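Step one of this worksheet: look at the structure below.
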Amino acid sequence: MPLADKMRPKKIEDMVGQRHIIGKGKVLNKIIENKSIPNMILYGPPGTGKTTLANIVANTTGKKYVKLNAVNCGVKEIKEIIDENKRDLFSYNGIVLMLDEIQALNKKQQQSLLEVIEDGSVTLIASTADNPYFVIYKAILSRSSIFEFKQINKEDILIGLKRAIDKLREENIYENINVKEEALEFIAEICNGDMRSALNKLELAFNTGIDIGSNSVNITIDTIVECSSSKVLSYDRSGDDGYSILSAFHKSLRGSDADASIHYLARLIKAGDIQNITRRLLCVASEDVGLAVPQAITITEACVQSALQLGLPEARIPLAQATIYLAQCPKSFLTFLYTFFYTKPKYYLASLGDFYTKLNTYKGLLKLGKTNNVYSF
């Protein structure tokens with residue numbers, strides 16, 4: 001059994017991270033204490049405890065627990081399993097259905113779950129790594145409590161890793177298991193808030209660090225580096241992560257922070273998202289720099305065209321050039337403000353009518369049939 005499964009907590013008190021919803025007096029603890037479980041949607045990055053919490057919640061209800069993955073089953077299979085379990089002697093209190101990756105079901109498939117949710121025979125606990133407001137049917141959302149799981153911070157990852165070391169010492173026959181503190185800190189740093197990933201890295205380092213001659217295990221930072229690939233940077237072009245990184249890139253340019261701008265540019269280049277990079281650069285040149293440096297749009301356009309013609313990896317050079325240039329340029333929001341105000345019907349056209357009437361300095365005004373500051377045609 002993998003170390004990550006061995007270390008899966010059985011009680012909510014043993015979970016690490018998610019202190020905004022888990023802890024003494026917090027909402028999930030009260031739900032478990034009262035054994036009154038609502039339909040729940042758990043969403044957040046992988047390895048943050050969604051499945052673990054669902055297991056803990058289900059085991060405290062006294063209901064039959066059924067766990068499915070929406071990737072591997074359709075509506076027909078889900079209904080058959082639910083009907084089969086309803087006839088089970090142990091399901092007289094109802095069924096808790098843990099549905100992993102609910103976003104794999106389309107809208108019509110999700111609608112079919114409403115019947116069993118509404119009659120109360122099934123309590124749904126669904127998990128997804130995507131934004132539920134984008135991927136889950138609204139009728140299910142309205143019948144569920146939604147809980148966000150966040151990346152686990154470094155301190156809590158370290159707590160989980162130290163517990164795992166104690167577990168390894170209990171289970172193994174090696175005389176000495178030597179683990180450097182800096183090695184654990186390095187794992188916590190590169191796991192990107194993913195407890196499962198951290199435990200997998202520790203397990204690999206443990207197996208790599210075995211010294212049969214001395215009947216010992218030595219885990220150093222060099223062992224971790226040897227066993228680890230580069231840190232996985234989260235980026236989903238169609239999800240929240242993608243929009244967040246693009247927004248941070250734009251705001252860094254707007255705030256004239258060249259270092260931060262290059263950091264986010266590097267993350268976008270790593271994801272190979274040249275199209276969105278170039279769009280943002282051109283947007284900043286007009287929206288944020290604007291009339292402060294009118295030639296900025298021309299220079300940025302030249303860098304963008306160079307990047308598109310070169311392609312990666314060479315494209316990173318003109319992209320970096322444009323990024324640093326725009327970050328260092330003075331800023332003027334005048335173009336954006338005028339564009340926003342005069343092209344948004346909600347703010348301007350709807351309130352002032354079809355024609356701009358503030359033309360009292362126009363010399364040919366009378367010849368156009370002006371009457372009481374309003375044109376008549």
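Note that the coordinates shown come from a computational prediction; the quantities given were computed from them, not determined experimentally.
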Practice problem: Please name the pair of heavy atoms, one in A4 and one in N200, separated by the smallest distance, quoted to 0.1 Å. | Solution: CB-OD1, 3.9 Å
Quiz item: Would you say K35 has more than 12 foreign heavy atoms packed within less than 6.0 Å of its NZ?
Solution: no
Quiz item: Checking E101 side chain against A70 main chain: does a donor-acceptor pair fall under 3.5 Å?
Solution: no
Quiz item: Side chains of R316 and L265: closer than 4.5 Å at any heavy-atom pair?
Solution: no
Quiz prompt | T123 side chain reached by Y65 side chain, heavy atoms, under 4.5 Å | solution = no
Exercise. Examine distances only and state if a side-chain atom of N29 and a backbone atom of G25 form a donor-acceptor pair shorter than 3.5 Å.
Key: no
Practice problem: May I ask you to test the M98-L68 pair for a side-chain heavy-atom distance under 4.5 Å? | Solution: no
Self-check item: Separation between CE of M7 and CG of L199, rounded to the nearest 0.5 Å
Solution: 6.5 Å
Quiz item: In this structure, are over 12 heavy atoms from other groups packed under 6.0 Å from K331 atom NZ?
Solution: yes
Quiz item: Distance from I187 atom CD1 to S197 atom OG, nearest 0.5 Å?
Solution: 9.5 Å
Exercise answer: donor-acceptor pairs, residues 159-166 side-chain atoms, under 3.5 Å, sequence neighbours excluded:
from : atom 1 : to   : atom 2 : distance (Å)
K162 : NZ     : E181 : OE2    : 3.4
R163 : NH1    : D14  : O      : 2.5

Quiz prompt | Minimal non-hydrogen separation, D257 against A260, with atom names | solution = OD1-N, 3.1 Å
Quiz item: K50 and T128: which non-hydrogen atoms are nearest, and at how many Å?
Solution: CE-O, 3.8 Å
Exercise. Apply salt bridge (charged side-chain N to carboxylate O under 4.0 Å, His left out) to K167 and list each qualifying residue two or more places apart in sequence or on a separate chain.
Key: E171
Self-check item: Residue list, salt bridge (charged side-chain N to carboxylate O under 4.0 Å, His left out) with D5, at least two apart or on another chain
Solution: R8
Quiz item: How far apart are the closest heavy atoms of C283 and H250, and which atoms are they?
Solution: SG-CE1, 3.9 Å
Quiz item: Is there a path of hydrophobic side-chain contacts, each under 4.5 Å between heavy atoms of I, L, V, M, F, W or Y residues, that connects L312 with I277?
Solution: yes
Quiz item: Got a sec: does the CZ of R169 have more than 12 other heavy atoms crowding it under 6.0 Å?
Solution: yes
Quiz prompt | Which residues share a side-chain contact (heavy atoms from CB on, under 4.5 Å) with K107, sequence neighbours left out | solution = Q111, Y137
Quiz item: With a 4.5 Å limit on heavy-atom distance, are the side chains of R19 and D156 in contact?
Solution: yes
Exercise. Could you pull out all residues at least two apart from K10 that satisfy salt bridge (charged side-chain N to carboxylate O under 4.0 Å, His left out)?
Key: none
Quiz item: After noting the C-alpha distance and the side-chain angles of S214 and D211, does the key distance pass the side chain to side chain donor-acceptor pair (under 3.5 Å) rule?
Solution: CA-CA 6 Å; S214 61; D211 186 347; 3.2 Å; yes
Exercise. Write down the atom of I56, the atom of I12, and the distance for their closest heavy-atom approach.
Key: CD1-N, 3.7 Å
Quiz item: What are the two closest non-hydrogen atoms of A183 and T220, and how far apart are they?
Solution: CB-C, 3.6 Å
Practice problem: Return yes if some donor-acceptor pair links the side-chain N/O of D194 with the main-chain N/O of R196 below 3.5 Å, else return no. | Solution: yes
Quiz item: Do L310 and I317 belong together in a cluster built from hydrophobic side chains that touch within less than 4.5 Å?
Solution: no
Quiz item: Would you say Q110 and S112 make side-chain contact, with heavy atoms under 4.5 Å?
Solution: no
Quiz item: Quick one: does E13's side chain get under 4.5 Å of I22's, heavy atoms only?
Solution: no
Practice problem: Output the distance between atom SG (C191) and atom CG (L202), rounded to the nearest 0.5 Å. | Solution: 11.0 Å
Practice problem: Report yes if the side chains of Q18 and I152 come closer than 4.5 Å at any heavy-atom pair, otherwise no. | Solution: yes
Quiz item: Do K180 and I219 have side-chain heavy atoms sitting under 4.5 Å apart?
Solution: no
Quiz item: Got a sec, which residues hit salt bridge (charged side-chain N to carboxylate O under 4.0 Å, His left out) with K30, two or more places apart in sequence or on another chain?
Solution: none
Quiz item: In terms of side-chain geometry, is the basic nitrogen of D288 or R254 positioned less than 4.0 Å from the acidic oxygen of its partner?
Solution: yes
Quiz item: Are D100 and N69 close enough that a side-chain donor and a side-chain acceptor fall under 3.5 Å?
Solution: no
Exercise. Please check if any side-chain donor atom of K138 sits under 3.5 Å from a side-chain acceptor atom of S142, or the reverse.
Key: no
